[in-house]
Amino acid sequence: MTPFTARVVRLIQGIPEGRVMTYGQIARRAGSPRGARQVVRILHAMSERHRLPWHRVVNARGEIAIPDAAGREMQAQLLRREGVAVDAGGRVDLARFMHEPEWDAGW
DNA sequence: GCCATGGCTAGTA
DNA sequence: GCCATGGCTAGTA
């Protein structure tokens, strides 16, 4: 695991219940302002092994961005279960639910 | 080294 | 257009 990957993992692990972060926001906090797509990759590769709350990551517009319908539905359920309002279009109000970590992953 | 990958995104038209 | 990875390949040693 590279240092960048480790920082991304820690940031995602630090998202509390009932809050979300965006791909780009995580990339910025991990020191790679335009690395949003790397966050996608890491989510795929590391979610299981590192017990990442993958469902707390949405795109810059607050939308659930999983390709297949079943996955989108599952993410919406997981979020609602912890108190995040997801509208019919699969959108979350970032003004209400976005998590801003106190710390930038140390680098 | 090269190249595909990927659930993106800032900022035009 | 961006860019960090992993896998594969040509082509040296």
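No experiment lies behind these values; they were computed from the predicted model shown. Labels below follow one simple rule: chain letters A, B, ... track the order of the sequence lines, proteins then strands, and each chain is numbered from 1.
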Between [N] ([atom2]) and [X] ([atom1]): distance, integer Å:
{"X": "A:L52", "N": "B:dG7", "atom1": "CG", "atom2": "P", "answer": "17 Å"}
{"X": "A:I26", "N": "C:dC3", "atom1": "CD1", "atom2": "P", "answer": "18 Å"}
{"X": "A:R34", "N": "B:dG11", "atom1": "CZ", "atom2": "C1'", "answer": "13 Å"}
{"X": "A:W54", "N": "B:dG6", "atom1": "CH2", "atom2": "C1'", "answer": "16 Å"}
{"X": "A:N59", "N": "B:dT9", "atom1": "CG", "atom2": "P", "answer": "6 Å"}
{"X": "A:R72", "N": "B:dG7", "atom1": "CZ", "atom2": "C1'", "answer": "10 Å"}
{"X": "A:R37", "N": "C:dC2", "atom1": "CZ", "atom2": "P", "answer": "13 Å"}
{"X": "A:I66", "N": "B:dG7", "atom1": "CD1", "atom2": "C1'", "answer": "6 Å"}

Can A:E82 and A:R56 be counted as an ion pair, charged N to O under 4.0 angstrom?
yes
A:R29/A:E100 ion pair, N-O < 4.0 Å
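A:E100 and A:R29: salt-bridged.
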Have a look at [X] and say if it touches a base, only the backbone sugar-phosphate, or nothing, with a 4.0 Å heavy-atom cut-off.
{"X": "A:L43", "answer": "base"}
{"X": "A:Y23", "answer": "base"}
{"X": "A:A36", "answer": "sugar-phosphate"}
{"X": "A:G35", "answer": "nothing"}

In terms of heavy-atom contacts, does CE of A:M74 have more than 12 from other residues, nucleotides or ligands at under 6.0 Å?
no
If only side-chain N and O atoms count, and only distance matters, is there a donor-acceptor pair under 3.5 Å linking A:Q25 with A:H99?
no
Can you check whether A:W54 reaches A:I12 side chain to side chain, under 4.5 Å on heavy atoms?
no
For C:dA10, the nucleotide meeting Watson-Crick or G-U wobble distances (both under 3.5 Å) is none
Need the pair for B:dT5. Rule: Watson-Crick or G-U wobble, both distances under 3.5 Å, any strand; none if unpaired.
C:dA4
Under 4.0 Å from OP1 or OP2 of C:dA4: is there any side-chain N or O of A:R41 that close?
no
Does a side-chain N or O from A:T5 land closer than 4.0 Å to OP1 or OP2 of C:dA4, or not?
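No, no such contact exists.
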With a 3.5 Å cut-off and heavy atoms only, can you find an N or O donor on one side and an acceptor on the other between the side chain of A:H44 and the base of B:dG6?
no
Side chain of A:Q75, base of B:dG7: donor and acceptor closer than 3.5 Å?
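There is none.
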Between C:dT9 and B:dT5, how far apart are the two P atoms, rounded to whole Å?
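The same atom, P, in both gives a distance of 15 Å.
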Sorted by position of nearest nucleotide on DNA chain B, 5' first, the leading residue of A:Q25 and A:Q38 is A:Q38
